[in-house]
Amino acid sequence: MTEDEAAELQSLRSSIDNIDAALVHLLAERFKCTQRVGHLKASAGMPPADPAREREQIARLRALAEESHLDPAFAEAFLAFIVAEVIHHHERIAEDAARD
Ligand SMILES: O=C(O)C(=O)C[C@]1(C(=O)O)C=C[C@@H](O)C=C1
């Protein structure tokens with residue numbers, strides 16, 4: 001690797017670190033919102049999962065991914081991974097609410 005290429009690699013890694021930090025912050029904010037949604041749903045007796053809402057989110061994210069030249073299948077899998085975790089949280093919140 002040339003000196004210029006090594007400098008470019010370092011610079012790219014620095015940007016990747018910033019992007020990863022932003023992703024963690026964005027996910028933390030998203031989970032703050034979904035925790036509140038979980039409490040609202042539990043107190044209204046709504047089920048943890050909302051498949052109709054998920055279908056809308058998947059369609060929207062796939063379209064956004066295509067526009068952004070990101071693999072839509074990857075965008076969908078990424079959303080599914082997050083939503084599965086959110087549903088676990090909602091289930092735990094509903095169980096706790098039922099126990100109180
Ligand atoms: O919008 C809701 O009803 C949520 O519970 C949030 C959320 C999400 O993480 O986006 C999670 C679970 C639902 O199945 C749909 C969406």
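This one's a predicted model, so the numbers in the text were calculated from it and none came from an experiment.
A search for side-chain hydrogen bond (donor to acceptor under 3.5 Å, both in side chains) contacts involving Glu8 returns nothing, not counting sequence neighbours. Looking at residues two or more places apart in sequence or on another chain, you find a ring pair (Phe, Tyr, Trp, His ring centres under 6.0 Å) between His89 and Phe31. Partners of Asp17 under the side-chain contact (heavy atoms from CB on, under 4.5 Å) rule, at least two apart in sequence or in another chain, do not exist in this structure. In this structure Arg55 satisfies the side-chain hydrogen bond (donor to acceptor under 3.5 Å, both in side chains) test with no other residue, sequence neighbours excluded. Partners of Arg13 by side-chain contact (heavy atoms from CB on, under 4.5 Å), not counting sequence neighbours, listed by chain and number: Leu9. Every residue meeting the side-chain contact (heavy atoms from CB on, under 4.5 Å) condition with Glu66, not counting sequence neighbours, appears here in chain and number order: Pro72. Qualifying side-chain hydrogen bond (donor to acceptor under 3.5 Å, both in side chains) partners for Glu5, counting only residues two or more places apart in sequence or in other chains: Thr2. The side-chain contact (heavy atoms from CB on, under 4.5 Å) test applied to Ala94 returns Ala42, not counting sequence neighbours.
Hydrophobic cluster membership for Leu40: none, as no Ile, Leu, Val, Met, Phe, Trp or Tyr side chain comes under 4.5 Å of it. Cluster partners of Val83 are Ile58, Leu61, Leu64, Leu79, Ile87, counting Ile, Leu, Val, Met, Phe, Trp and Tyr whose side-chain heavy atoms approach within less than 4.5 Å, directly or via other members.
Pairs engaging residues 26-45 under the salt bridge (Lys or Arg N to Asp or Glu O under 4.0 Å) rule: Glu29-Lys32 [sequence neighbours left out]. Applying the salt bridge (Lys or Arg N to Asp or Glu O under 4.0 Å) test to pairs two or more places apart or on separate chains, those with a residue in residues 70-92 are Arg62-Glu76.
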